[in-house]
Protein chains: 2
Amino acid sequence: MEEPRQRARPGRTPAPAGRTSRPRQAEVARLAGVSQATVSLVLGARKQGATISEETRQKVLDAVRTLGYVPDPAASRLAAARNNLLGVFSFTSTFPTDVQHSYYPFLVGVEQEAAARGYDLVLFTGSSTGGAGAAGPHALNRVRLADGCLFLGRHAPADELRRLVADGFPVVHLGRRDELEGLAWVGADYISAGQEVVAHLAALGHRRIVLVREDDEAPASTDREHGFLKGLEEAGLPGGPAAVFRSADPERDLTAERLRGWLDDGVTAFVAEETDTGDAWRALHGTAHFVGIDAPRDASLALLGSPPPDLADGPSPTGFDVPRPQLGAAAVRMLAALVSGEKTREPLVACTFRPGSTAGPPPVRP
Amino acid sequence: MEEPRQRARPGRTPAPAGRTSRPRQAEVARLAGVSQATVSLVLGARKQGATISEETRQKVLDAVRTLGYVPDPAASRLAAARNNLLGVFSFTSTFPTDVQHSYYPFLVGVEQEAAARGYDLVLFTGSSTGGAGAAGPHALNRVRLADGCLFLGRHAPADELRRLVADGFPVVHLGRRDELEGLAWVGADYISAGQEVVAHLAALGHRRIVLVREDDEAPASTDREHGFLKGLEEAGLPGGPAAVFRSADPERDLTAERLRGWLDDGVTAFVAEETDTGDAWRALHGTAHFVGIDAPRDASLALLGSPPPDLADGPSPTGFDVPRPQLGAAAVRMLAALVSGEKTREPLVACTFRPGSTAGPPPVRP
DNA sequence: GCGTATTACTAATGCGCATTAACGAGTACT
DNA sequence: AGTACTCGTTAATGCGCATTAGTAATACGC
């Protein structure tokens with residue numbers, strides 16, 4: 001019988017012997033005098049199955065400590081396990097030059113909650129300015145290295161997100177996102193918060209309230225309006241289109257005449273939504289000041305959110321605050337739940353009512 | 001001849017057939033009628049070596065499109081023996097509740113540069129309670145999961161850092177750190193910057209200049225003093241201990257009497273170092289104001305750094321700015337160089353002179 | 001004394017991809 | 001015809017880890 005000719009052995013070149021590379025489980029095993037499998041068993045917090053003697057366990061752990069062994073995340077994941085890494089993906093850079101527009105407040109909570117649960121964070125930056133990093137059609141794919149990924153901002157391409165979700169990869173979107181079937185998300189409960197603000201005003205005695213908002217279809221915006229209208233309804237106050245003033249440019253359209261007109265019509269309280277720019281509140285605040293309204297004496301003002309930084313020094317507006325760190329933390333909790341296969345939990349985080357100083361009882365009409 | 005008994009084949013259970021998993025290169029290969037290796041060659045942007053016919057390339061790309069294949073990053077990185085991950089370690093949390101005390105400005109540059117080079121960032125928090133790797137005495141080992149690691153702040157324990165460096169793990173420290181042999185670092189060139197400020201004052205005509213600094217041995221502090229003294233020397237001005245006022249609590253010790261004494265002695269310009277707290281500048285600024293000095297009319301003031309946030313609204317002090325984003329970027333460049341085995345580069349980043357409005361010609365003495 | 005548990009560990013295997021030696025086919029040159 | 005190349009492709013291999021069948025050793029039951 002002719003022995004089949006021994007083929008040469010292709011494959012990768014062995015690592016250069018010169019530099020000491022990071023230790024592997026094999027080295028740990030050698031040092032501990034056990035097999036690589038045993039090392040894996042000791043390190044993996046197996047819930048059942050193999051048992052390891054305390055003696056062996058200690059030998060292994062000692063070797064791990066001595067060598068400073070740390071598992072390779074890529075290998076862990078490839079072997080169908082996890083690597084205790086959570087991704088944070090933002091299409092725009094996570095650290096924009098301007099802190100104001102950053103996700104910083106959310107990340108505070110994200111980092112804390114992740115650390116508390118034993119996860120480290122991987123920052124995946126989408127198309128950054130330089131963008132040499134092949135921001136191809138599959139840029140989102142890198143996140144698969146982690147056990148799951150958190151998405152900030154609504155810029156993540158829907159089809160790629162859908163793909164991740166369809167593949168069963170744990171994904172959580174920070175901010176409501178219903179249009180994407182199956183996408184888990186956490187968001188602030190703007191509806192309840194808006195409702196609460198209206199309830200507060202109604203309790204003070206206001207009977208005619210107007211909402212000033214921008215021309216925007218984002219959930220954060222429409223939810224606030226829903227909450228506002230719901231609040232009116234529950235208080236038995238007049239709602240309908242007349243209660244909402246919507247404009248693409250409030251600072252231009254919210255004129256003094258218009259404001260005076262409302263006042264003459266018996267409107268005693270005004271509510272503005274919080275926007276990226278803060279324009280709605282700025283317009284309301286500015287025009288009211290211009291007209292000579294002294295809040296809350298002549299009329300009450302409220303803001304569905306926090307004031308923009310440039311107005312932060314003024315009197316604290318009545319309204320609510322979005323608990324951004326808590327939102328980040330909630331997102332991490334949900335992501336962790338998905339990673340471990342648990343059911344998803346309540347996606348809404350309550351906002352906190354801020355009494356402020358711009359709302360009071362309506363003026364007594366002569 | 002007895003055939004060796006056929007061992008059973010242990011290993012992992014095959015994936016549940018139920019769910020259609022994502023396509024692999026093998027499936028693409030089958031559809032395209034080529035081998036898996038060919039698929040890998042087509043997809044990988046090989047710089048040299050194998051050549052692929054245009055026909056085959058198209059067949060493969062078509063199959064990729066048909067199946068919607070996307071590479072598994074875990075597998076890619078495992079096979080390529082690098083994770084494309086850079087660690088960022090800060091002993092305090094990376095996102096402190098107070099933005100002011102954060103490394104945010106550095107991270108802006110770190111993120112940009114890392115993204116431009118195709119790296120993702122892993123955030124390690126030293127103080128984190130759980131922190132996956134139980135913040136024991138070997139908490140730093142956790143960073144070995146990345147290809148290299150950037151250290152922010154000087155809280156990282158020296159012995160552990162030393163260990164990483166000794167093991168050939170690529171490490172870069174943000175901020176000068178000479179005492180640790182072999183540690184790569186990048187830092188701001190405080191010496192040149194301090195020198196430049198003094199040169200500016202000297203050029204304006206000042207002949208007696210005093211530096212106010214805290215009682216601190218941090219390189220950022222001593223470097224500023226060196227630069228200051230070097231500047232004096234180059235301008236042929238009197239240096240020595242008399243030119244430097246050092247105090248652990250400048251706000252208490254920098255009294256009005258002392259300041260008046262200097263003025264009487266012919267000192268016409270004062271320089272403060274920038275500190276974490278901004279106390280040196282605050283003391284100098286405050287006492288000068290108290291004494292009735294109007295800068296730059298009665299005397300010139302300069303600051304070796306940027307003013308603290310609470311004084312940011314006042315007149316812009318003459319001095320220099322530390323280009324924090326650029327420092328972060330430079331640190332990433334150096335780290336990337338270390339990871340790919342290149343030589344390290346220039347560790348110093350130049351500060352930018354800020355003319356400001358607190359320095360001018362010395363007053364004409366009667 | 002022999003079957004059956006139980007315990008403690010190891011060998012073997014594959015995850016999906018990158019890498020490379022080897023090979024067949026074609027071309028060009030002695 | 002033999003040699004020397006170039007081109008295009010593939011088989012084989014391993015990256016580092018998790019998983020599981022198997023085994024050896026000891027303990028237990030009757």
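Sequence lines set the chain letters: A, B, ... in the order given, protein chains first and strands last, and positions in each chain run from 1. Nothing here was measured: the structure is a model prediction, and the numbers come from that model.
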>> Nearest to the side chain of A/Ala79, heavy atoms from C-beta on, is which of D/dC17, D/dT9, D/dT10?
In response: D/dC17
> Can you check the A/Leu145 CG to D/dC17 C1' distance for me, whole Å?
Replying inline: 14 Å
> Is there side-chain contact between A/Leu86 and A/Glu113, with at least one heavy-atom pair below 4.5 Å?
Replying inline: no
>> So which atom in B/Ala336 and which in B/Tyr119 form the shortest heavy-atom distance, rounded to 0.1 Å?
In response: CB-CE1, 4.0 Å
> In terms of the nearest nucleotide of DNA chain C, which residue is placed more toward the 5' end: B/Thr38 or B/Ala74?
Replying inline: B/Ala74
>> Could you tell me how far apart A/Leu41 (CG) and C/dT7 (C1') are, to the nearest whole angstrom?
In response: 13 Å
>> Please report the distance, rounded to the nearest Å, between CZ in A/Arg144 and P in C/dC17.
In response: 11 Å
> In whole angstrom, what separates A/Arg30's CZ from D/dG16's C1'?
Replying inline: 13 Å
>> Would you say that A/Leu183 contacts A/Phe151 through its side chain, given a criterion of any heavy-atom pair below 4.5 Å between the two side chains?
In response: no
>> So that I can tick it off, tell me whether A/Asp167 and A/Arg163 are bridged by a salt bridge, with the cut-off set at under 4.0 angstrom between side-chain N and carboxylate O.
In response: yes
> Got a salt bridge between A/Arg177 and A/Glu179, using NZ or NE/NH1/NH2 to carboxylate O under 4.0 Å?
Replying inline: yes
>> Tell me whether B/Arg65 is salt-bridged to B/Asp62, with the criterion being a basic N under 4.0 Å from an acidic carboxylate O.
In response: yes
> Quick one: A/Gln25 CD to C/dA11 P, roughly how many Å, whole number?
Replying inline: 15 Å
> Given atom CG of B/Leu43 and atom C1' of C/dT19, what is their separation to the nearest angstrom?
Replying inline: 15 Å
> Closer than 4.0 Å, any side-chain N/O of A/Thr51 to the OP1 or OP2 of C/dA8?
Replying inline: yes
> Heavy atoms, side chains only, cut-off 4.5 Å: are B/Val88 and B/Tyr103 in contact?
Replying inline: no
> In whole angstrom, what separates B/Asp72's CG from D/dC17's C1'?
Replying inline: 14 Å
> Which residues within residues 54-64 of chain B lie with some heavy atom under 4.0 Å of an atom in DNA chain D?
Replying inline: B/Thr56
>> Does a side-chain N or O of A/Ser53 approach OP1 or OP2 of C/dC9 to a distance below 4.0 Å, or not?
In response: yes
> Do B/Pro170 and B/Leu335 touch side chain to side chain, with heavy atoms closer than 4.5 Å?
Replying inline: yes
> Nearest-Å distance, CG (A/Leu78) to P (C/dT13)?
Replying inline: 18 Å
> Contact class for B/Val34 vs. all strands (heavy atom < 4.0 Å): base, sugar-phosphate, or nothing?
Replying inline: sugar-phosphate
> For the helix from C/dG1-D/dC30 to C/dT30-D/dA1, how many degrees between its two end axes (five pairs per end), to the nearest 10°?
Replying inline: 60°
> With sequence neighbours excluded, what pairs up with A/Ala74 under the side chain to side chain contact (heavy atoms under 4.5 Å, CB included) test?
Replying inline: A/Asp72, A/Leu145, B/Arg77, B/Leu78, B/Asn83
